[in-house]
2 protein chains.
Amino acid sequence: MPADVTLRLEAYLPYRLSVASNRTSRWVARSYEARFGLSIWQWRVIAVLGGADRLTAQALTASTAMDKVTVSRAVRALIERGLVERKKHQSDGRSALLALTPAGRSVYDEVAPVALRHEAALLDGFRPDEIRQLTDLLLRLEKRAEELAED
Amino acid sequence: MPADVTLRLEAYLPYRLSVASNRTSRWVARSYEARFGLSIWQWRVIAVLGGADRLTAQALTASTAMDKVTVSRAVRALIERGLVERKKHQSDGRSALLALTPAGRSVYDEVAPVALRHEAALLDGFRPDEIRQLTDLLLRLEKRAEELAED
DNA sequence: GGAATTTAGTTACATTTGCAACTAAATTGT
DNA sequence: ACAATTTAGTTGCAAATGTAACTAAATTCC
């Protein structure tokens, strides 16, 4: 077997991705948990709701890449904490519109800058073009994995 | 708040990483599970043992980036399936040396090419320099996250 | 208009995970 | 040499997760 087609875990892309993702999320997650008592999923919901007035859970699953059960649980917890409110959807009785409460909004206003500082800290030492490149490559990879999964 | 320091989840790096990693591992994991009955962790252990004669569990945790509990469980399952064997370590009574059995070796010989084909399929459409760049950026990011986590 | 199907969201259950506590052996320090 | 600490690995238990089954509303299609 030629050397360059040998399997070496440390150079195996899905492995590298997984390690990179786990390390960064673990670090970031600890901080949200410690400072705000938010899980990663709760935080994602807040992040998306913070940038949009009112959304259905369906729209949330689409823009957070979480599945509907995960969204449902995160939303329930946030409602219990008074950070999110649910309003009946007038034209579709199955779904409801979700929005941040004033309390939720103020958590968002606090969390968002922290999140951005985290990102900046992670990317300290990366050039802007490298960051663009990384994001671009990741998006292409996601798209590719999505396509492949459809078989 | 200026537009370019606004939090947008879809451009948030830890999020992108998480989505990219989850999609690729999910795809890859399904295949290992379906074709070989191996979890991702079992597969990692096999991959590393396939490239090294005999290792301690400790060495496995280091080179798989899994924690020791995860390694312990994966190894146990592999031993139960007869793919890995444990030999007493002569000089250190706490640990044992792990190695693939002949059956384990033949699973490795089957799985490794499949893994490489998966990777190639994912990276179809990427130029070699892009792949190098991606790996490099991921490694730097991992290192950075590791440093940051140490506080 | 009404049965059949699809879609939104929740609940229930089994599996996985992650952390802490534990056992046992090795190492360190005196 | 022997108590105290560290290291290797396992086990137990609580919490997180994923899958499938479910309820209820909307849509499709005769």
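What you see is a predicted model, and the numbers here were worked out from it, not measured in a lab. In what follows, every chain begins at residue 1, and chains take the letters A, B, ... in the order their sequences are listed.
Under 4.0 angstrom from either OP1 or OP2 of D:dG9 there lies at least one side-chain N or O belonging to B:Ser95.
Take B:Glu33 and apply the salt bridge (Lys or Arg N to Asp or Glu O under 4.0 Å) test, not counting sequence neighbours, and it matches no residue. When the side chain to side chain donor-acceptor pair (under 3.5 Å) test is applied to B:Asp92, the partners found at least two apart in sequence or on another chain are B:Arg94.
Between A:Leu97 atom CG and D:dA25 atom P there is a gap of 17 Å when expressed in whole angstrom units. Atom CG in B:Asp67 sits about 14 Å away from atom C1' in D:dT11, given to the nearest Å. Protein atom CH2 of B:Trp41 is 11 Å distant from nucleotide atom C1' of D:dT17, rounded to whole Å. One interatomic measurement links the two molecules: CG of A:Leu60 to C1' of C:dT10, which rounds to 15 Å at whole-angstrom precision. Note: NE2 (B:His89) to P (D:dT7) measures 16 Å, nearest angstrom. We find that CD of A:Glu80 is positioned 13 Å from C1' of C:dT10, with the value rounded to whole Å. For the pair B:Leu78 CG and D:dT10 P, the computed distance is 12 Å after rounding to whole Å.
Along DNA chain C, the nucleotide nearest to A:Arg86 and the one nearest to A:Arg30 differ in position, and the one closer to the 5' end is contacted by A:Arg86.
In this structure, B:Glu10 does not pair ionically with B:Arg16, as no charged nitrogen and carboxylate oxygen lie closer than 4.0 Å.
Residue contacts for A:Val69: at a heavy-atom cut-off of 4.0 Å it reaches a base atom on one of the strands shown. Residue-level contact check: A:Thr61 touches neither bases nor backbone, having no heavy atom under 4.0 Å from any strand.
Recorded end-axis angle for the helix from C:dG1-D:dC30 to C:dT30-D:dA1 stands at 30°, based on five pairs per end and rounded to 10 degrees.
A parallel orientation is assigned to the rings of A:Trp43 and A:Tyr32, their planes being inclined by less than 30° (bins at 30° and 60°).
Nearest nucleotide to the side chain of A:Arg76, out of D:dG9, C:dT11, C:dG9: C:dT11. Proximity note for B:Arg94 (side chain, C-beta onward) versus C:dC19, D:dA8, C:dT17: the nearest is D:dA8. Among C:dA8, D:dT11, D:dG18, the nucleotide with an atom closest to any side-chain atom of B:Ser72 is D:dT11. Comparing C:dC19, D:dG9, C:dT10 against the side chain of B:Ala57 picks out D:dG9 as the nearest. Checking C:dG9, D:dG18, D:dC13 against the side-chain heavy atoms of A:Arg73 singles out D:dG18 as nearest. With distances taken from any side-chain atom of B:Asp92 to the nucleotides C:dG9, D:dT10, C:dA26, the minimum falls on C:dA26.
Around CG of B:Asp53, the count of heavy atoms belonging to other residues, nucleotides or ligands within 6.0 Å does not exceed 12.
Screening B:Arg127, B:Gln133, B:Arg132 for a side-chain hydrogen bond (donor to acceptor under 3.5 Å, both in side chains) involving B:Asp129 leaves a single residue, B:Arg127.
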_Verdict with reasoning, B:Leu55 to B:Leu49, per side-chain contact (heavy atoms from CB on, under 4.5 Å)_ = CA-CA 7 Å; B:Leu55 294 174; B:Leu49 285 180; 4.2 Å; yes
